[in-house]
Amino acid sequence: MKLENMYETLRNIHGPQGKWWPGSEEVIVSAVLTQNTNWKNVEKALENIKKDCKNNILHGLAKMSTQQISFLIKPAGFFNIKAQRLKNLLTWLKNYDFDLEKIKTRNIEEIRKELLSIKGIGNETADSIILYALELPIFVIDAYTKRLLNRLLGIKLKEYDQYRLLFETTYPKDVALYQEFHGLIVEHAKMFCRTKPLCELCPIDSCQYKNAKD
DNA sequence: CACCAGGCCCTAT
DNA sequence: ATAGGGCATGGT
């Protein structure tokens with residue numbers, strides 16, 4: 001299997017993913033909540049937030065104390081540190097009046113640099129926000145992506161940006177494509193890559209890790 | 001019971 | 001530069 005065939009292969013197995021992520025404001029919050037955390041736990045935390053914030057999550061959270069936020073996001077784990085990280089992110093968003101359209105008018109590399117300068121916002125969190133909330137073309141690299149790249153292509157790289165640029169130079173810079181591709185990777189990894197019995201059911205024969213962990 | 005999950009930061013070497 | 005530890009809940 002070659003990298004340029006990976007998208008089509010996954011798409012043939014899983015079909016179109018469509019818009020599998022929530023609205024922009026929820027994406028921003030969940031990008032932080034999901035750091036090293038099961039998505040199920042993130043959903044519980046998100047529900048607590050939505051219940052308290054009604055219509056406007058970002059404004060609602062911005063008005064809360066760090067303590068209040070950490071209480072709401074308890075199910076997502078690491079709640080103290082994540083509450084602080086959300087606070088940091090909200091402080092940055094306030095510079096743009098919480099208006100994503102205002103952020104989008106800026107240069108994509110500048111946006112990325114600003115996000116990465118926020119304490120608690122690393123590569124994956126920043127890129128998830130850029131691709132799914134701002135809808136600008138950045139390829140998101142997560143643990144699943146690295147795992148699949150290793151298992152299917154035997155590729156292991158050192159730096160985050162090496163992974164990102166590999167995808168971005170192999171595939172056209174297309175927002176819808178990157179959103180869909182990442183969705184397919186997540187779907188595939190969840191379905192086939194978590195345990196050995198599941199891995200045995202994976203239809204991709206070229207996978208070199210039918211019996212290995214990573 | 002042990003181990004993991006869609007990271008990130010800080011510290012010590 | 002890079003390895004190791006802390007952060008914390010809920011599911012298998």
Side-chain angles (χ1 to χ4, degrees), chain A residues 6-7 10 14 17-24 26-49 66-92 112-134 138-152 156-164 167 178-201 209 211-214:
Chain A
M6 188 169 162
Y7 174 76
L10 292 176
H14 301 283
Q17 299 301 296
K19 186 178 180 299
W20 56 274
W21 60 97
S24 292
E26 289 179 44
V27 169
I28 291 175
V29 174
S30 58
V32 172
L33 294 183
T34 196
Q35 290 172 355
N36 198 42
T37 298
N38 191 304
W39 184 254
K40 275 283 180 197
N41 292 11
V42 174
E43 283 181 327
K44 294 176 206 277
L46 259 183
E47 284 310 307
N48 290 342
I49 291 173
T66 309
Q67 298 244 332
Q68 280 176 289
I69 296 176
S70 70
F71 174 74
L72 290 178
I73 67 174
K74 219 175 190 26
F78 304 144
F79 47 83
N80 285 319
I81 196 161
K82 282 175 180 173
Q84 186 57 58
R85 289 174 181 180
L86 282 173
K87 267 292 185 195
N88 298 342
L89 184 53
L90 288 162
T91 299
W92 177 76
R112 190 169 137 87
K113 211 180 297 177
E114 287 189 9
L115 279 169
L116 290 177
S117 74
I118 300 168
K119 188 178 290 187
I121 308 301
N123 287 307
E124 189 196 329
T125 309
D127 289 345
S128 297
I129 291 170
I130 292 172
L131 180 63
Y132 289 107
L134 302 179
I138 283 251
F139 203 96
V140 176
I141 305 297
D142 56 18
Y144 289 154
T145 311
K146 292 178 186 168
R147 189 174 304 161
L148 274 196
L149 209 54
N150 183 27
R151 293 190 183 191
L152 302 183
K156 253 190 216 166
L157 303 172
K158 292 192 173 174
E159 305 290 328
Y160 178 94
D161 279 335
Q162 292 181 318
Y163 282 98
R164 185 168 67 85
F167 279 95
Y178 288 0
Q179 290 172 333
E180 177 79 8
F181 201 163
H182 182 239
L184 287 167
I185 289 170
V186 171
E187 180 65 19
H188 186 82
K190 278 184 172 175
M191 189 173 295
F192 294 120
C193 302
R194 287 191 302 191
T195 67
K196 197 156 86 170
L198 290 176
C199 192
E200 296 295 337
L201 299 175
Y209 289 82
N211 294 303
K213 276 184 136 186
D214 255 315

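For the numbers below, each heavy atom of this structure counts, side chains included, while hydrogens, waters and symmetry mates do not. A, B, ... follow the sequence lines: proteins, then strands. Residue 1 opens every chain.
Rounded to an integer number of Å, the gap from CD of Gln84(A) to C1' of dG7(B) is 17 Å. In this entry the distance linking CZ of Arg194(A) with P of dG11(C) reads 13 Å, nearest Å. Look at NZ on Lys82(A): it is 12 Å from C1' on dG10(C), rounded to the nearest Å. To the nearest angstrom, P of dT9(C) lies 10 Å from CG of Asn41(A). Rounded to whole angstrom, the span from the NZ atom of Lys158(A) across to the C1' atom of dA3(C) amounts to 13 Å. Here dG11(C) presents its C1' atom at 13 Å from NZ of Lys190(A), a figure rounded to the nearest Å. Taking atom CG of Asp142(A) as the reference point, atom P of dA5(B) lies 12 Å away to the nearest angstrom.
The closest side-chain heavy-atom distance from Thr37(A) to Phe78(A) is below 4.5 Å. The shortest side-chain heavy-atom distance between Trp39(A) and Val186(A) does not fall under the 4.5 Å cut-off. Within the 4.5 Å cutoff, no side-chain heavy atoms of Val29(A) are placed close to those of Ile73(A).
Salt-bridge annotation for Arg112(A) and Asp161(A): present, with a side-chain N of the basic residue lying under 4.0 Å from a carboxylate O of the acidic one.
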Heavy-atom contacts, protein to nucleotides 8-13 of chain B, under 4.0 Å, summarised as B (base), S (sugar-phosphate only) or - (none) per nt, yield BSS---

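Under 4.0 angstrom from either OP1 or OP2 of dT9(C) there lies no side-chain N or O belonging to Lys40(A). For Arg147(A) and dA5(B), the shortest distance from a side-chain N or O to OP1 or OP2 is below 4.0 Å.
Remark: side-chain polar atoms of Glu26(A) are not paired, donor with acceptor, to backbone N or O of Leu46(A) under 3.5 angstrom. Within the 3.5 Å criterion, the main-chain N or O of Lys190(A) finds a donor-acceptor partner in the side chain of Arg194(A).
Side-chain polar atoms of Asn88(A) and Thr91(A) form no donor-acceptor pair below 3.5 angstrom.
Between Phe192(A) and His14(A), the angle of the ring planes lies from 30° to 60°, which puts this pair in the tilted group. The aromatic rings of Tyr132(A) and Trp20(A) stand perpendicular to each other, their planes meeting at an angle above 60°, with 30° marking the opposite boundary.
Residue Lys146(A) is out of contact with every strand shown, counting any heavy-atom pair closer than 4.0 Å.
For the contact set between residues 67-80 of chain A and DNA chain B, defined by any heavy atom under 4.0 Å, there are no members.
For dA8(C) and dC10(B), the P atoms lie 15 Å apart once the distance is rounded to whole Å.
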